[in-house]
Structure formats: C-alpha cells, structure tokens
K.L.:
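Can you keep this structure in mind? I'll have questions shortly.
Since the model is a prediction, treat every value here as computed from it, not as a measurement. As a basis for the values below, the full set of heavy atoms in this structure was taken, side chains included, without hydrogen atoms, waters or symmetry mates.
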Amino acid sequence: MANSRIIVPEKKLLTNPTLAERAVAFINSLKHTKGEWHGKTFDLLPWQETIIRDVFGTVKENGYRQYNSVYVEIPKKQGKSELAAAVALYLMAGDGEWGAEVYGCAADRQQASIVFDVAVEMVEQCPALKKRIKPVLSQKRLVYQPLNSFYQVLSAESYTKHGLNVHGVVFDELHAQPNRLLYDVMTHGSGDARKQPLFFLITTAGTDRNSICWEVHQKAEDVLAGRKIDPTFYPVIYGIPEEADWGSEQNWYRANPSLDVTVDVEKLRAAYNNAKDNPAEENLFRQLRLNQWVKQSVRWMPMDAWDQCNAAVDTEALIGRECYAGLDLSSSTDITAFVLVFPPRTDEESYVILPYFWVPEDTLALRVRRDHVPYDVWKAQGSVMTTEGNVIHYGFIEDFIEDLGTKYNIKEIAYDRWGAVQMSQNLEGAGFTIVPFGQGFRDMSPPTKELMKLVLEKRIAHGGNAPLRWMMDNIYVRTDPAGNIKPDKEKSTERIDGAVATIMALDRAIRCGNGTSASVYDERGILVF
C-alpha cells in the first residue's frame, strides 16, 4: 500500500491552480494546537499539501470540484486531526458557499469533539477568523457570520438526522463506526442541493471486515489499482502489505509520512519492542502504527513465556499474607474459578497466583470424553475439585472461600456481576469486601495488559498449575478502536474462567496492594501501546 492520487483513464483532469493555492494558503494561515507545535504556523507537510491541492484544485469542465469523496487512511499520530479540522474550517469559511452546513462526524460525540476542539483552538489563534466566527460550545457548533455558515458536531447517535443540506462532512475514524447508519445518512443525497459537496473521510485501519469502513477501504484499493473507475472518489492509503516485514524501519517510514516530524521514530521503536513478543500488542502495532487491517481477535498468551513463570508456590509460606481474589462463576454446569493474587512485598518478589477450580462431580467423566480435557487427572492431582451433583454446589464453594479467609488475608474479592449476585451477597455477609468488576474494555484492558507485561518480565509465579495454563492458552483477545484489549469469550471457545479471575484479582492487587510502593497505575499510568 502507498499513497496515490487518482488518474481517471481516457480523461484528462482539469486543474485550477488558483483554487488549489487558495485552499493551501487558507490552511497555512492557521496554527497548530498541540504540544510542541502549539502556536506554530500550519505549514502543510508534503503529503498533506498533495491532498489539498488535488482535492480543491481539480475541477470539472463547469469549474466545480471533480472530487466529492476523499478517503484518507493513515496510521495514528500523523497530524490527522489537525488536517481534518483545517478542512472543516475551509469548507465553512473559505469555500465561498453561502449557508454552508459542515458536519464533523465520528462514532460518538466525544470522538467527534476531538477534531472540533482543534478547530476551536485554531480559530482562537487566528485573529481574522476569531472576529468572524461565533462559537456555540454548548452545541459544539461554530458559526461563520459573513456567510451564515456553520460547522456542527454529530455522532453515531444522530443517524436519524435526515433532511440535512450538507456542503461538507468530515468523518473522523470511520473504522470505529458501530454500523453504517450515520455514514449512509450523511453521504447519500444529503448534498444533492449543493454544487460541490465534499465528504472528507479520514481514519486509521480497522479490524472489522464487515464494516462500512472496510467497504470504503476496498473501494479505495480498487480505484488505486485501476480495477474500478470513479472520477468523484479520491483515495489515499498509507500502509504496508500484510506480508511485509513489520519490524523494518524502512517500512515504518513507508507507512508513516509524518515520521520524524509529528512523531519521533524512537516512539515507534519503543512500541515495536513492546509488541514483538506479545501477539496482542503486535496486532495493535500493525493496525495503529502500520495501518494494516488485522484480525479483531488474536491468540494472546505466549506460552513459552508463561511456562517460564512456573516458580513453585509455597502455600504454607503465604498463610497470613494479604491477597486479592477474582471470582468467575460461569454457569452452574461449567467451571467455577476462584483465584488469589498475592502482591509482592519487596522489589525482588513476584506476584504469586493461587488458583482454585470446581466442576460438578456427576459430569466429570462426560467432560473428559466430550471436551478431551483431563479433568480426572487434574482432580487426582488436586488442581481441580468437584462438588456433589450435576451442577455446581455454590454453598460448598462459599464455605471453602470462608475457610480460605481464615488462612489468608483476603482484602477484596472482585467478581463478574453476571450470575454471581447471590453468592456475592452471601460472601459479603460473611465479612468479605466484594467488588463488582465489569467485563468491558474499560475495566479489563489495564490488568490484561499488565498481566502480559509481568509475564514477559517473569514477575509472576503460578507454580505450573495445569488447568490455569490450559485456560491461558485458550485466550483470544478482542481489540477496540482505541487500542484497549479484553479476553474475547466468543472467540475463546475453550474455558478461560481462571484467566479472567486472575486478571480481575491482579487488577485489585495492583490498585490496592500494600507492597513496597503504591499502585503501579498511579506510578506510571495505564499501559498504552
């Protein structure tokens, strides 16, 4: 993949240098809004200037714009939000369209506000625009008074907004759209009353190949390759092919046209070093840094690294120590997992994992035959326990946990809210501190990433517990558009209950553990790759 401008076969494109220069001059009069670039003139980078000159300077025979759809797919941190904000301001204030309606769209209002907030700051730093543009921040709207035009934030929740008279749409992170509804509303017929509407779509690569973004991505590739002809569609894709060496710095520069300008290559080196031994982070690096469409779920734990953390666990030496628990009940006929995590007391100690598992006694033999999993061997070894009957006996497990509480100082028990209400109430009544734990990206991503980091650093001791190893090997993780991860219970077709319980317990141990320092999250923040 590489950037490319459109060439329409058998038809020479007409250019209007005056219109191209006008758009470039307008954007170059703006100023940057972030970090070290704040207050500096927005001098378009070469790749950005090519897009602006082509889009605004290529015209039809009647003098209006040739292109009404622009698709720019590019890795993160390349100046995407600044370019999108500048285009939105130009469509509103520099395009000469009376009553122009320009909309900023994204998956949710918060994402759509990112580009809007950049535009607001650009206006604040430009005296000529500041005199003429009235901000209505409560409505996320900018009004350009000389032309009675405006720039307004919309989000995926606004897909019922039919009847818009669109002059311009800036679609940020199209790959994050939950469905195609907002895209269809904004691009199908909404600009028919305008002479030269522009739909400016800018995004990183995604993971969902059933999405509207993948549909547009495929069209862009087809147009770039000459398989399709659409003289109104302008595609730009920066990235590298799936089979290319993702560790090659030459390929990093190929995929990142602003590398060493808006982002330092050292940042990519650090991200690559985090990713090369971690399948989930490799997925994120490829998607966000190299703009490759990757699988949404990947097999997660490198088992050779997990096996190197099999230091013996002395249960007697742990008596009386503070620990944190994770409880995953699953269903009444499946595995129940209860995992204790003991935080380190010194810099030399590891996080110690002590897991317990239960299955119904009467279904044990059936499970062995059906699942081809050695539950009977694990029971004989003492790493799996059974409860009487053909369903899990929750009362037995509650009594067992209460007994554990007399041996170990269990500070908190984190549990999945689903299906555990009664047991959580019973345990709370027995004197335990019970903490409900969400299974979404917000709660699961930080400790999931932290578990991987600790495993790679050999700062976990799990004693080689066989059922837990099996469950760790079963985990697939799902990634969201922001780069957060969580165990994917749909893709992880085998049991992962113990792994989930471990992640929940580890989160509480990190946040609340009384080791040699405060929570690792407090010290250096949540891991983001």
K.L.:
Hey, what do you get for CG (Leu506) to CD1 (Ile510), rounding to the nearest 0.5 Å?
P.N.:
3.5 Å
K.L.:
Would one find more than 12 heavy atoms of other residues, nucleotides or ligands at under 6.0 Å from atom CZ of Arg442?
P.N.:
no
K.L.:
Is there a donor-acceptor contact under 3.5 Å linking the side chains of Thr204 and Glu173?
P.N.:
yes
K.L.:
Does a side chain donor of either His175 or Thr203 reach within less than 3.5 Å of an acceptor in the other side chain?
P.N.:
yes
K.L.:
Any salt bridge between Lys80 and Asp172, counting N to O under 4.0 Å?
P.N.:
yes
K.L.:
Is Glu124 salt-bridged to Lys130, cutoff N-O under 4.0 Å?
P.N.:
yes
K.L.:
Count the heavy atoms belonging to other residues, nucleotides or ligands that lie under 6.0 Å from NZ of Lys40, then report whether that count exceeds 12.
P.N.:
yes
K.L.:
Would you say Arg194's side chain and Asn165's backbone share a donor-acceptor pair under 3.5 angstrom?
P.N.:
yes
K.L.:
For Arg132, give me all partners under salt bridge (charged side-chain N to carboxylate O under 4.0 Å, His left out), at least two apart in sequence or on another chain.
P.N.:
none
K.L.:
So, are Lys34 and Glu82 salt-bridged, with charged N and O less than 4.0 Å apart?
P.N.:
no
K.L.:
Using a 4.5 Å cut-off on heavy atoms from C-beta on, say whether the side chain of Phe437 contacts that of Pro447.
P.N.:
yes
K.L.:
So does Tyr253 have more than 12 non-hydrogen atoms from other groups sitting under 6.0 Å from OH?
P.N.:
yes
K.L.:
Compute whether any side-chain donor of one residue and acceptor of the other, for Thr232 and Asp230, lie under 3.5 angstrom apart.
P.N.:
yes
K.L.:
Looking at Tyr234, Phe199, Phe200, which one forms a ring-ring contact (aromatic ring centres under 6.0 Å, His included) with Tyr67?
P.N.:
Tyr234
K.L.:
Would you check if the distance from the ring center of Tyr476 to the ring center of Trp300 is below 6.0 Å?
P.N.:
no
K.L.:
Only pairs under 3.5 Å count here: list side-chain donor-acceptor contacts from residues 142-154, not counting sequence neighbours, and write none if there are none.
P.N.:
from, atom 1, to, atom 2, distance (Å)
Ser149, OG, Met92, O, 2.8
Gln152, OE1, Arg141, NE, 2.7
Gln152, OE1, Arg141, NH2, 3.2
Gln152, NE2, Gln139, O, 2.6
Gln152, NE2, Lys140, O, 3.4

K.L.:
What distance separates Leu198 CG from Glu97 CD, expressed to the nearest 0.5 Å?
P.N.:
11.5 Å
K.L.:
With a 6.0 Å cut-off on ring centres, are Trp37 and Phe42 close enough?
P.N.:
no
K.L.:
Check whether Asn291 reaches the backbone of Tyr238 with its side chain - one donor and one acceptor, N or O, closer than 3.5 Å.
P.N.:
yes
K.L.:
Tell me, do Pro302 and Leu456 make a side-chain contact under 4.5 Å, heavy atoms counted?
P.N.:
yes
K.L.:
Could you go through the side chain to side chain donor-acceptor pair (under 3.5 Å) check for Gln78 and Asn256 one step at a time?
P.N.:
CA-CA 7 Å; Gln78 301 301 298; Asn256 293 267; 3.0 Å; yes
K.L.:
Are any of the side-chain nitrogens in Glu281 or Lys276 under 4.0 Å away from the carboxylate oxygens of its partner?
P.N.:
no
K.L.:
Show me the side-chain donor-acceptor pairs of residues 24-31 shorter than 3.5 Å, one per line, residues at least two apart or across chains.
P.N.:
from, atom 1, to, atom 2, distance (Å)
Asn28, OD1, Leu44, N, 2.9
Ser29, OG, Phe26, O, 2.5

K.L.:
Look at Glu242 together with Arg286 and state whether they make a salt bridge at an N to O cut-off of under 4.0 Å.
P.N.:
no
K.L.:
Run the salt-bridge test on Glu457 and Lys453 with the 4.0 Å N-O cut-off and return the result as yes or no.
P.N.:
yes
K.L.:
Could Arg495 and Asp328 be called an ion pair, given the rule that one side-chain N must be under 4.0 Å from one carboxylate O?
P.N.:
no
